[in-house]
Amino acid sequence: MKKTVFFACVFIYIIIQTTVYSQSNKKELSKIYSEAVAYAEDKNYHEAISLLKRLVSEDPERPEVLYYLGYCYLNCTNGADSAVIFFQRGLMVLPEADRNSSLGVDLQYSVAKSYHLQMKFDQAIDEFEKLLLIIPDEDVEMQDRIKREIETCSNGKELVNKPVKLEVVNLGDAINSGDDDHSPLISADGELIFYTTRRESEYNELLPDGQYSEKIFYSKKTGDKWTKGDIISKLFRKDGHESCVALSADGQELYLYRNDIEGRNLYVCLYDGSSWSEPTKLPKPINSIYDETHVTLSPDKSVMYFTSSRPGGYGGLDIYEVRRLPDGKWASPKNLGSEVNTKYDEETPMLHPDGRTLYFASEGHNCMGGFDIFISRIQPDSIWSKPVNMGYPINTPDDDFFFVPTVSYNQAYYASSRFEDNHGGMDIYLVQYEEPVENRLAVLKGTIQSENDAPIETVRVFVFEKESGDLVGQYCPHAGTGKYVMILEAEKIYELKYSGEGFEDYVANLPVTRNMTYSNLQAAKKVDDVTMASIVKEEPKQTTDVAVSDVKPLDANDDIPYYTVQILTLNKPVISWEDAFKGLDTTLVKEYKCKNSMYRYAYGLFKGYKATLKVKEEVLKVSPFSDSFIRDVKQYDDLIETADDKK
């Protein structure tokens, strides 16, 4: 949360005051103050508050200590009411001659901001306007900042007077904990949820801010209840945060945000039906040398929207659109334009399953403070409509992110700490609008098989609206399981064309009726399974009863990718392969020394995902490598250490 904006300019003043403590022969107080500053810098506000309170009890008339205590409270959940007390006390003991100093301005600004966060808009406006009178004319940046604060307070007054009618339902202790739980992601069928949590587990560590590092948990829905949340994988880094930002409609692709040595980047993990792959960095032109922080994609995965701070935008983080080319690569990104993006930051875009409605957070537009959630829809001329504020109580004067729509237009998921039934920190809620919106979308699930288990990487499901002949979607089945998910508008007839290199086309009609639309009782409907008939010489069938050591790589004679089974990742090389890979044919094991000083070990080289999936199943039977996953061998090109890396 970005609640305090002037900490940098008062830091030198605070250090000077620490020296004053020492000169006054109050070494113990000076030590306590230094410890409090260190805690606050690490964002461990609760420990800092404890120490600062001791200082206030010993010497209640030090404005810099009172300021810092208010600062810490302001950065705690629901701490604005306590913060304003200490900011006001700081102003009371501050000498009149210092009211226009850096500390004096900070205190006055912080009083106004505390009122703002408490939704005491008139008091906040009054304080901001008084502060504006003492800011020099040449300090245009500061004047503009205060004018913007006054504007957001006015927006807040208007939005709070016209609240949105809704109901929020806590997802319960199966998902929520006493720590922060946030960033929910829901599969299109509503049966799977991923979220980011700071609860303690064996896979994370305690950080300097007094909380555990963020990790990704998931839960499945059985009936109308969620199963107990569990961590997704121990492949993720133990040190530092792992945060999920997007999930494909079929639940097979999970996108992550990482702040790593190469900057702020986006990654993706793939699900093979039983386990998740190691996170892989998204390619250019999505990731760049600038910051990329969030991503969302269309139901058919053909369009992606992401946030980036790259040059050429309108200011800060902007939202960009990028489309997938026929060869699977991504085209050049396109900025969504000034209708959506502002000179402030835009964040957490979330595309509705209809593929035409975008929810996003913005500090611009008519927000009521911090980030607010907005909604915009793509129009027939491909221009996005003017964003509409989602209103109060979805939005508040604080930062509001990550509003996650579902197929049902009157339901969404959201994280908040301000409701009374919260378990501690931020909790995840289901948001339901009081007046149901008539739904016209259906979630349809199907499976594609092939004769003799031939690879299906090239197979696509082309969906045409029967009446107009328009192509409305192009879906790609999972290369291993053959599963796919479509989201289609109801009360229409569609033609489905199943097509892929080396297979006979298959065409079927699909009427989508009103009773097939999404509902809580039955979220998804089943589409008939399709078996693709081969028109070329079939590859020899690999069955699960073939020993792993007998499976050999296939010759490349088409566009089917080669895969391997990654079985192990270590920070030191394996010394005894016979002991480490007992049960496996060591001649099929390959070592990759990677740029991040890790050693990755992969098993075999196999043509097609389905064949590799069978090998993975055999590996799991004869070895202890339960974290094994399937990987495209081309990915190692970006991971391995080269001669240039050693220089």
Side-chain angles (χ1 to χ4, degrees), residues 1-10 13 60-61 63-163 342-344 362-372 389 391-400 418:
M1 291 181 288
K2 301 185 296 182
K3 296 177 180 175
T4 304
V5 295
F6 299 121
F7 170 67
C9 71
V10 302
Y13 186 97
E61 295 194 357
E64 72 281 357
V65 177
L66 292 166
Y67 169 82
Y68 223 138
L69 188 52
Y71 163 81
C72 291
Y73 270 114
L74 200 62
N75 282 277
C76 292
T77 302
N78 302 321
D81 53 347
S82 297
V84 72
I85 294 172
F86 293 104
F87 290 139
Q88 288 173 327
R89 284 174 59 182
L91 276 174
M92 289 175 60
V93 300
L94 187 73
E96 186 65 30
D98 291 336
R99 289 187 68 87
N100 290 3
S101 67
S102 294
L103 180 58
V105 170
D106 281 9
L107 282 165
Q108 293 174 76
Y109 183 96
S110 298
V111 167
K113 194 62 185 173
S114 298
Y115 283 139
H116 187 182
L117 290 167
Q118 294 178 80
M119 295 196 295
K120 298 178 179 179
F121 298 113
D122 288 330
Q123 289 171 270
I125 291 172
D126 184 54
E127 295 294 334
F128 280 127
E129 288 180 340
K130 287 191 291 186
L131 180 59
L132 194 59
L133 295 175
I134 68 172
I135 301 300
D137 292 340
E138 59 269 20
D139 194 350
V140 176
E141 182 180 353
M142 183 61 182
Q143 287 194 344
D144 288 345
R145 187 194 299 270
I146 295 173
K147 289 176 182 177
R148 176 59 178 168
E149 293 283 8
I150 294 172
E151 182 181 354
T152 59
C153 286
S154 299
N155 294 336
K157 287 178 63 176
E158 182 177 344
L159 292 167
V160 169
N161 287 333
K162 299 177 182 178
T342 68
K343 66 179 181 179
Y344 304 98
S362 176
E363 293 178 304
H365 304 292
N366 64 323
C367 78
M368 61 190 295
F371 282 91
D372 278 10
N389 192 301
Y392 174 81
I394 292 172
N395 291 318
T396 69
D398 208 341
D399 288 336
D400 299 290
R418 65 181 182 270

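No experiment lies behind these values; they were computed from the predicted model shown.
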To the nearest 0.5 Å, what is the distance between [atom1] on [X] and [atom2] on [Y]?
{"X": "R145", "Y": "F128", "atom1": "CZ", "atom2": "CZ", "value": "10.5 Å"}
{"X": "E363", "Y": "Y344", "atom1": "CD", "atom2": "OH", "value": "8.5 Å"}
{"X": "M368", "Y": "C153", "atom1": "CE", "atom2": "SG", "value": "9.0 Å"}
{"X": "Q123", "Y": "E127", "atom1": "CD", "atom2": "CD", "value": "8.0 Å"}

Test item: side-chain donor near acceptor, D400 and T396, under 3.5 Å: yes
On the 0 to 90° scale, with breaks at 30° and 60°, tag the Y67-Y71 ring pair as parallel, tilted or perpendicular.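 Parallel: the ring planes of Y67 and Y71 meet at under 30°.
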Parallel, tilted or perpendicular, as decided by the 30° and 60° cut-offs, for the rings of Y73 and F86: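 Plane angle under 30°, so parallel.
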Compile the donor-acceptor pairs under 3.5 Å between side chains in residues 135-143 and protein atoms, sequence neighbours left out, one pair per line.
| unit_1 | atom_1 | unit_2 | atom_2 | d |
| --- | --- | --- | --- | --- |
| D139 | OD1 | M142 | N | 3.2 |
| Q143 | NE2 | I135 | O | 3.4 |
| Q143 | NE2 | P136 | O | 3.4 |

Verify, without hydrogens or angle tests, whether H116 (side chain) and S110 (backbone) share a donor-acceptor contact under 3.5 angstrom.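 No; zero donor-acceptor contacts below 3.5 Å.
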Using a 3.5 Å distance criterion without hydrogens, assess whether the side chain of Q118 forms a donor-acceptor pair with backbone atoms of S114. yes
Apply side chain to side chain contact (heavy atoms under 4.5 Å, CB included) to residues C367 and N155 and explain how you reach the verdict. CA-CA 6 Å; C367 78; N155 294 336; 5.6 Å; no
Carefully, step by step, assess E149 and K113 under the rule side chain to side chain contact (heavy atoms under 4.5 Å, CB included). CA-CA 8 Å; E149 293 283 8; K113 194 62 185 173; 3.0 Å; yes
With D144 via salt bridge (charged side-chain N to carboxylate O under 4.0 Å, His left out) - residues at least two apart: none
Between N389 and H365, does the side chain to side chain contact (heavy atoms under 4.5 Å, CB included) criterion hold? Intermediate values first, please. CA-CA 8 Å; N389 192 301; H365 304 292; over 6 Å; no
Taking only residues two or more places apart in sequence, or in another chain, which ones meet K157 in a side-chain contact (heavy atoms from CB on, under 4.5 Å)?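 Applying side-chain contact (heavy atoms from CB on, under 4.5 Å) to K157 gives F121, D122, I125.
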Where do Q108 and I134 land on the side chain to side chain contact (heavy atoms under 4.5 Å, CB included) test, with the steps shown first? CA-CA 11 Å; Q108 293 174 76; I134 68 172; 3.7 Å; yes
